[in-house]
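These notes are about the structure you will find just below.
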Amino acid sequence: MAPEKMARKPSASEVQPKHGIRETRLGVWILKVAHDPRLVGATGRKHYEDLKSTLPLLRLLASDIYGVAPRYFVLFLLCQVWQGIEDAVLMFFSNLLLTTVEAGIKSGKPDRTAILTAVFARLFCSLTVAFFKWHGHQIYKILQAKVTRHYELFLMTADLRQDLPTSQKISSKQPVTAAQVWEALDSIIRFLMQVLRVGTQLALIARLFNSSAGPLFSLLSIAEPLFMTFYSEEIWTKIFFAYVDNKHYERMQTLHKFTSSEFRQDIVSGSLAPWILNEFRKAHEKLGETPANHPMLEYGEHRSPLFDMIARVLGDLPIAYCALSVLLDNKGISLVTFAVVQQSSITLRMSVQMVFLQLTEFRKSLTTMRMLYTAPTVVNTLADGDVAYPRVDRPMSEKATNGMSFSLRDISFLYPDSQSTEPALRNVSLTINSGELVVIVGANGSGKSTLIRILSRLYDPDSGEIYIDDLPSKSYRIEDLHQATALLSQDTVIYPLSLAENIGLGFPDRVFDREMIEDAARDGGAFGFIKKLKEGMDTTLDPYVQTFGHNLDVDPSHPLFEEMERIQKQTDISGGERQKVVASRSFMRFKSGKVKFVAVDEPSSALDANAELKLFEKLIAARAGKTVIFVTHRFGHLTKYADRIICMKEGSIVEMGTHEELIQKKGEYANLYDIQASAFSDE
Ligand SMILES: Nc1ncnc2c1ncn2[C@@H]1O[C@H](COP(=O)(O)OP(=O)(O)OP(=O)(O)O)[C@@H](O)[C@H]1O
């Protein structure tokens, strides 16, 4: 079969500007290149506006960095400015030296003082270049460390102030890292210095030419880089997107995946190899000569030779102009100046090209900086109030001293970004009295944990109202409510800190109080196993370890290999022990004396029966002055202690009452209870 011709050189007909996008087929690829606004005069104004709007940003950035490291920033800028002008200065002194020498040769009487001065000036200049280069590097490293750390803290602060629903939104994820900020800053300064370099080189050339034709010559010197920038087909300076669009090539790539080991058992047992190879061969034949080179490589190929011809001629304009100016004007310029001007024009061309190459990066860097400064402006989803909790306007004798009271009025809630069509809570109305012990039961997904999260003000309902101690929950300072809440949930999170800190952070003000921490560890059941660990309370379970080895796998008995293994070794504890550490953190929290509401959401799934019983007993013993709500699947210990049991189903409360009342009712609760009870009676 004749190979299908799917690859052709792109022709004018293939280039279809549509919404500023040019589409080109390059072999098996389709390439879509965004229209470059630099080519259109009409957008020049927009560019100017853009640039104007970046000035306040640059000013903010400069004052920020100056605030972090004033001395290093000034030194860094000085080094950068020097690097921006050093080419022009070197060229100036070269010209001075050479013209002095030339004058001496011509007159037969060299001016020793002038030549020696010019030599020393040039030497001094070269030494200054080396000095600034070395110092510039040292200063760069120090400033980089200081600025990166400053922005790391800046971004962490912006991140950690977000509440739970806000942090879960894709739009509020941190778009930049501190390292990216430094890179952006570096590229902004490099770009500005490159512009300075071009400016000083232009000024030098105009001055060297020493006539009214100087500016014209400068212009001719930059004709070639300007042309190259505006008309070149360098893909990396453009915004583009490419994708493979060739069914035969796609088929070949798909079939090639069968060489991976995950399919080997199927291929061998099913004798699929001949079929795969045959299909691959057929697709190959159909693809024919169509190239599959990366579009970045293919793109420049379709440029017309005219482009190169024009660029070459423009590149020769400066030298041609010099020569012609000698012909037209007898005085002309000296041979040395001619050579220096020629050399300068080459350097200038390269500098101008660099400016345009760095322009895209400069724009990207400005965007990074804008994103950096918008990070702290993300508005939290949960409304913050200004009433202190506990309410100071209430006499101590009132019921608030027994714990937080809640009144939920017809609340409904669907998780933000949820894919579900059903809300997690639907029209829930409920009153929980101060000091009550409530147990919530219900099937998986019935909304128990969600109710706990709403009561803990981790989320706010979409509709309905919540009153806490007779005031709308939104009127309180959210931080106060969180300090008055101890949430012990099923998601046992161990922090990458020592076990002492893991427990101590229940009450951050006393995180270094070992005695208090040990006491909390005893209540949470963690003390026994922590004591047996080699490093006890100082053990860190998931420490930050970063190692780097090279060629160590050649000899696993090498002492360095053992060293690496020793450093990488991590301690782990069982799931139940993890739960005990987290429970101990809650007991530590109680010690702050601020806790008025304890929400316990199934924290005991990995605990053995004895440990679970002890945990519940300790929690119940600590309930004085607190409202306590347990979520559980296990009927028994808790349901019998409870003042009230709430039974949930599909986001709604279906039953409420004491254990006896609900059993008599023979409804949802009795049904769930019977299923568990029958498991034991059948044995
Ligand atoms: N973070 C979340 N994002 C989106 N949907 C969620 C999220 N958490 C829970 N849901 C959904 O909300 C509903 C209620 O879940 P919830 O965790 O409150 O149930 P539950 O009764 O505690 O269940 P379980 O007994 O399994 O712990 C479920 O349909 C669940 O899929």
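We count ligands from 1, going down the list as the structure has it; atoms in each ligand are counted the same way.
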Checklist entry - Are Gly442 and ligand 1 in contact, using a heavy-atom cut-off of under 4.0 Å? => result no

Item to check | Test: Arg426 and Glu650 ion pair at under 4.0 Å | outcome: no

Item to check | Lys618 with Asp523: basic N within carboxylate O range, under 4.0 Å | outcome: yes

Checklist entry - Which bit of Ser420 is near ligand 1, meaning a heavy atom under 4.0 Å away: side chain, backbone, both or neither? => result neither

Next on the checklist: Can you check atom 30 (C) of ligand 1: any protein non-hydrogen atom closer than 4.0 Å?
Outcome noted: no

Next on the checklist: Quick check on contacts: which atoms of ligand 1 are under 4.0 angstrom from a heavy atom of Asn444?
Outcome noted: 23 (O), 24 (P), 25 (O), 26 (O)

Checklist entry - Are there protein heavy-atom neighbours of atom 23 (O) of ligand 1 below 4.0 Å? => result yes

Checklist entry - Is Ala424 in polar range of ligand 1, meaning some N or O pair under 3.5 Å apart? => result no

Checklist outcome for this item: Min over Pro165, Gly445, Gly651 of heavy-atom distance to atom 20 (P) of ligand 1 lands on Gly445

Item to check | Test: Lys364 and Glu361 ion pair at under 4.0 Å | outcome: yes

Checklist entry - So, Arg510 and Asp519, do they make that salt bridge, N to O below 4.0 Å? => result no

Next on the checklist: Ring centroids only, cut at 6.0 angstrom: are Tyr459 and Phe413 within range, meaning strictly under it?
Outcome noted: yes

Checklist entry - Who gets closest to atom 25 (O) of ligand 1 by heavy atom: Met648, Lys448, Glu650, Glu422? => result Lys448

Checklist entry - Between His633 and ligand 1, which part of the residue brings a heavy atom under 4.0 Å of the ligand: side chain, backbone, both or neither? => result side chain

Checklist outcome for this item: Near Thr450 (heavy-atom distance under 4.0 Å), the atoms of ligand 1 are 14 (C), 15 (O), 16 (P), 18 (O)

Next on the checklist: Once you measure the plane-to-plane angle for His659 and Tyr669, does it fall in the parallel (<30°), tilted (30-60°) or perpendicular (>60°) bin?
Outcome noted: perpendicular

Checklist outcome for this item: side-chain contact (heavy atoms from CB on, under 4.5 Å) test vs Leu662 passes for just one of Leu672, Ile646, Val441, Ile645, namely Ile645

Next on the checklist: Take a 6.0 Å sphere around NE2 of His256 and say whether it holds more than 12 heavy atoms from other residues, nucleotides or ligands.
Outcome noted: no

Checklist entry - Given that the side chain starts at C-beta and the backbone is N, CA, C, O, which of these parts of Arg453 lies under 4.0 Å from ligand 1, counting heavy atoms, or is it both or neither? => result side chain

Checklist entry - Of all the atoms in ligand 1, which lie at a distance below 4.0 Å from a heavy atom belonging to Ser446? => result 19 (O), 20 (P), 21 (O)

Checklist outcome for this item: Ranked by distance from atom 27 (O) of ligand 1, the top protein heavy atom is Gln490 NE2, 3.6 Å

Item to check | Ligand-residue contact atoms, ligand 1 with Ala443, heavy atoms, under 4.0 Å | outcome: 21 (O)

Next on the checklist: Checking the N or O distance criterion of under 3.5 Å, is ligand 1 in contact with Ser449?
Outcome noted: yes

Item to check | Protein heavy-atom partner closest to atom 10 (N) of ligand 1 - residue, atom, separation in Å | outcome: Tyr415 CE1, 3.3 Å

Checklist outcome for this item: Nearest heavy-atom contact between Arg161 and Asn380 is O-ND2, 2.9 Å

Checklist entry - How are the rings of Phe258 and Phe263 set to each other: parallel, tilted or perpendicular (split at 30° and 60°)? => result tilted

